[in-house]
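First comes the structure, then the notes that go with it.
Residue numbers run from 1 in the order of the sequence given. What you see below is based on every heavy atom in this structure, not just the backbone, and it leaves out hydrogens, waters and symmetry mates.
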Amino acid sequence: MTAKQSKTLQNLIYSAVFLALAYVLPFLTGQIPSVGKMLLPMHLPALLCGFVCGWQWGLGVGFLAPLLRSLTLGMPPFFPMAVSMAFELATYGAIAGLLHRALPKKVGWDYVSLIVAMLAGRLVWGAVRFACTGLDVSAFGLSAFWTGAFATAWPGIVLQLVVIPPLVALFDRLKRS
């Protein structure tokens with residue numbers, strides 16, 4: 001097996017684990033009724049996959065996770081929720097992976113990559129949700145975007161900022177050793 005094949009196999013295995021985590025984590029956080037959904041459990045694996053495996057893998061896992069969960073469990077509802085989440089999480093994985101590859105491998109830069117990916121993903125989520133409403137501002141306007149992207153999502157945003165950079169640093173150290 002060549003080094004490239006070995007790396008591809010490693011990314012495939014990690015991506016499968018991240019996809020499984022995206023599928024299972026909502027069950028765990030759902031046990032905390034007051035904040036479970038606000039922890040954004042599918043976001044963590046999509047972001048980590050982008051950082052650890054690269055942008056292509058993060059994009060794929062991010063896109064598939066909400067659609068797979070919706071088609072097999074009915075949650076999140078397929079349209080417009082799972083569709084808009086698929087584009088959001090794909091953006092998270094892709095941007096996180098691209099920036100992590102391009103920027104220096106230091107924790108401070110991991111935060112930059114994470115924050116840019118989170119903002120880009122939320123903007124894509126808002127654009128897709130708006131498009132799903134037929135571009136009807138009365139159905140999905142700025143206040144709905146603000147509420148869904150930030151106001152009710154702050155526990156998940158904090159969790160991502162606390163958990164992801166240390167995990168990325170750990171994976172980077174493991175890759176080097």
Once rounded to the nearest 0.5 Å, what's the spacing between atom [atom1] of [X] and atom [atom2] of [Y]?
X	Y	atom1	atom2	result
Leu89	Cys49	CG	SG	11.5 Å
Leu39	Leu44	CG	CG	8.5 Å
Glu88	Met81	CD	CE	9.5 Å
Ile95	Leu47	CD1	CG	11.0 Å
Met85	Arg129	CE	CZ	10.5 Å

Problem set entry | Set of residues satisfying side chain to side chain donor-acceptor pair (under 3.5 Å) with respect to Arg69, sequence neighbours excluded |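 If we apply the side chain to side chain donor-acceptor pair (under 3.5 Å) test to Arg69, skipping adjacent residues, there are no hits.
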For this session: Applying side chain to side chain donor-acceptor pair (under 3.5 Å), name anything that partners Gln5, two or more places apart in sequence or on another chain.
Result: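 In terms of side chain to side chain donor-acceptor pair (under 3.5 Å), with neighbours along the sequence ignored, Gln5 is linked to Thr2.
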Exercise. Does Phe78 sit in a hydrophobic cluster with other residues, and if so which ones, taking ILVMFWY side chains as linked at heavy-atom separations under 4.5 Å, directly or through other members?
Worked result: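 Members other than Phe78 - counting any ILVMFWY side chain reachable under 4.5 Å - are Phe63, Leu67, Leu71, Phe79, Val83, Phe87, Val124, Val128.
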Hey, can you pull the donor-acceptor pairs under 3.5 Å for the side chains in residues 52-60, sequence neighbours left out?
none

For this session: Treat each ILVMFWY residue as a node, draw an edge where side-chain heavy atoms are under 4.5 Å apart, and state whether Leu99 and Leu167 are in one component.
Result: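 Unlinked, Leu99 and Leu167 end up in two clusters.
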Exercise. Does the Ser70 side chain pair with the main chain of Met75, one donor and one acceptor, at a distance under 3.5 Å?
Worked result: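 No: the side chain of Ser70 does not pair with the backbone of Met75.
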Exercise. Between the main-chain N or O of Lys4 and the side-chain N or O of Thr8, is there a donor-acceptor pair closer than 3.5 Å?
Worked result: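 Checking the backbone N and O of Lys4 against the side chain of Thr8, a donor-acceptor pair under 3.5 Å is found.
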For this session: Please report the C-alpha distance between Tyr92 and Arg122 in whole Å, then the side-chain angles of each, then the deciding distance to 0.1 Å, and finally whether the side chain to side chain contact (heavy atoms under 4.5 Å, CB included) criterion is met.
Result: CA-CA 9 Å; Tyr92 285 165; Arg122 281 174 171 71; 2.6 Å; yes
Exercise. Of all residues at least two apart in sequence or in a different chain, which pass the side-chain contact (heavy atoms from CB on, under 4.5 Å) check with Leu174?
Worked result: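 Expected list: Leu170.
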Please report, to 0.1 Å, the donor-acceptor pairs under 3.5 Å made by any side chain of residues 145-156, with sequence neighbours excluded.
from	atom 1	to	atom 2	distance (Å)
Thr147	OG1	Ser143	O	2.8
Thr152	OG1	Thr147	O	2.9

Could you give the side-chain donor-acceptor pairs of residues 13-26 under 3.5 Å, partners two or more places apart or in another chain?
from	atom 1	to	atom 2	distance (Å)
Ser15	OG	Asn11	O	2.8
Tyr23	OH	Thr72	OG1	2.7

Problem set entry | By ring-ring contact (aromatic ring centres under 6.0 Å, His included) - contacts of Phe140 (at least two apart) |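 Expected list: Trp125.
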Exercise. Could you go step by step and tell me if Thr29 and Met38 meet the side chain to side chain contact (heavy atoms under 4.5 Å, CB included) rule?
Worked result: CA-CA 9 Å; Thr29 61; Met38 294 188 303; over 6 Å; no
Problem set entry | Pair Lys105-Lys175, side chain to side chain contact (heavy atoms under 4.5 Å, CB included): steps then yes or no | CA-CA 12 Å; Lys105 303 293 183 272; Lys175 281 183 183 179; over 6 Å; no
Would you mind writing out the side-chain donor-acceptor pairs for residues 107-119 within the sub-3.5 Å range, not counting sequence neighbours?
from	atom 1	to	atom 2	distance (Å)
Asp110	OD1	His100	ND1	3.1
Tyr111	OH	Leu161	O	3.4
Ser113	OG	Trp109	O	3.1

